[in-house]
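Step one of this worksheet: look at the structure below.
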Amino acid sequence: MNQIYNDLSHIKDWPCRDQVQRAAISTMNNIAEGFERSSDADFRRFLIIAKGSCGEVRSMTYLLQDLNYINTAKADKLRNAAIQLSAQIGSLIKYLGKSKV
C-alpha cells in the first residue's frame with residue numbers, strides 16, 4: 001500500500017486523497033495491531049477490519065478514476081494491488097478460522 005502515497009501525491013483534492021491514504025494506513029495498522037494481540041481470535045478480528053479497509057481503498061480508486069484524478073492504468077494498478085492484498089488477508093482469516101481459537 002506504500003505506492004498509494006506516490007501514486008496520489010499529485011491530487012489536490014486533499015480530503016479525497018487523505019481518505020484513500022487513511023484507509024491504506026488502517027489496513028496496515030490493523031494487521032500490525034492484530035498480530036500483536038494475544039490470541040488468534042483477536043488477530044482474526046483485526047484482519048477482518050483490515051480487509052474492510054482494503055476494500056475501501058479499492059472502492060476509492062473508482063471514485064478517483066470517475067473524478068479524473070487518476071487514469072485507468074493507475075486505477076487498475078492500485079485496484080489490483082488492493083485485490084491481491086485483500087485475497088491474502090482473506091486466506092489468513094480462513095486459516096485462523098480453522099485453527100483452534
Side-chain angles (χ1 to χ4, degrees):
M1 291 302 205
N2 288 338
Q3 70 191 35
I4 295 285
Y5 293 106
N6 294 331
D7 288 345
L8 304 181
S9 62
H10 70 282
I11 296 174
K12 302 299 182 214
D13 182 345
W14 292 70
C16 189
R17 184 183 75 189
D18 289 348
Q19 183 63 33
V20 179
Q21 291 175 337
R22 281 193 306 273
I25 291 166
S26 176
T27 301
M28 296 184 312
N29 284 343
N30 276 293
I31 293 169
E33 185 174 352
F35 182 76
E36 292 295 325
R37 296 292 174 135
S38 60
S39 72
D40 285 351
D42 280 344
F43 187 23
R44 187 172 187 274
R45 184 170 54 86
F46 277 88
L47 288 172
I48 291 168
I49 296 166
K51 194 170 186 310
S53 294
C54 195
E56 183 179 354
V57 170
R58 189 172 64 247
S59 174
M60 289 296 294
T61 63
Y62 289 102
L63 177 63
L64 295 174
Q65 186 178 1
D66 289 347
L67 294 172
N68 293 314
Y69 291 158
I70 58 175
N71 62 33
T72 301
K74 190 172 283 191
D76 288 344
K77 176 183 169 188
L78 293 172
R79 266 194 295 274
N80 288 335
I83 288 167
Q84 182 179 8
L85 179 57
S86 183
Q88 292 169 337
I89 294 169
S91 293
L92 187 50
I93 290 168
K94 186 176 179 180
Y95 171 79
L96 291 171
K98 290 180 181 180
S99 68
K100 294 178 182 174
V101 288

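Computed from a predicted structure; not experimentally measured.
- Distance alone, capped at 3.5 Å, is enough to place a donor-acceptor pair between the Ser91 side chain and the Ala87 backbone.
- Distance CG/Leu64 to NZ/Lys74: 10.5 Å, rounded to 0.5 Å.
- In terms of heavy atoms, Ala23 sits closest to Ser53 at O-CB, 3.5 Å.
- When Thr27, Ile31, Ile89, Asn30 are each tested for a side chain to side chain contact (heavy atoms under 4.5 Å, CB included) with Ile49, only one passes: Asn30.
- Each of Phe46 and Met28 belongs to its own hydrophobic cluster when Ile, Leu, Val, Met, Phe, Trp and Tyr are linked at side-chain heavy-atom distances under 4.5 angstrom.
- Contact of the Gln19 side chain with the Glu56 side chain is registered, since non-hydrogen atoms from C-beta on lie closer than 4.5 Å.
- Minimum heavy-atom separation, Arg58 to Ala82: CB-CB, 4.1 Å.
- Considering only heavy atoms from C-beta on, Ile48 comes within 4.5 Å of Arg44 through its side chain.
- Residues Asp13 and Pro15 form a side-chain contact, since some pair of their non-hydrogen atoms from C-beta on lies under 4.5 Å apart.
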Fill in: Steps toward side chain to side chain contact (heavy atoms under 4.5 Å, CB included) verdict (Tyr69, Leu8)
CA-CA 8 Å; Tyr69 291 158; Leu8 304 181; over 6 Å; no
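- For the side chain to side chain contact (heavy atoms under 4.5 Å, CB included) test with Leu78, the passing option among Ile83, Val20, Ile70 is Ile70; the others fail.
- Side-chain atoms of Arg17 do not come within 3.5 Å of backbone N or O of Lys12 as any donor-acceptor pair.
- Between Phe35 and Leu47 there is no side-chain heavy-atom pair separated by less than 4.5 Å.
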Worksheet item: Would Asp42 and Arg45 satisfy side chain to side chain contact (heavy atoms under 4.5 Å, CB included), going step by step from the backbone distance to the final call?
Response: CA-CA 5 Å; Asp42 280 344; Arg45 184 170 54 86; 3.7 Å; yes
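- Interatomic distance, CD1 of Ile93 versus CG of Asp40, reported as 12.5 Å (0.5 Å rounding).
- Cation-pi geometry between Arg79 and Tyr62 is met: under 6.0 angstrom from the ring centre, within 45 degrees of the axis.
- Using a 4.5 Å cut-off on side-chain heavy atoms (C-beta onward), Cys16 and Met60 make contact.
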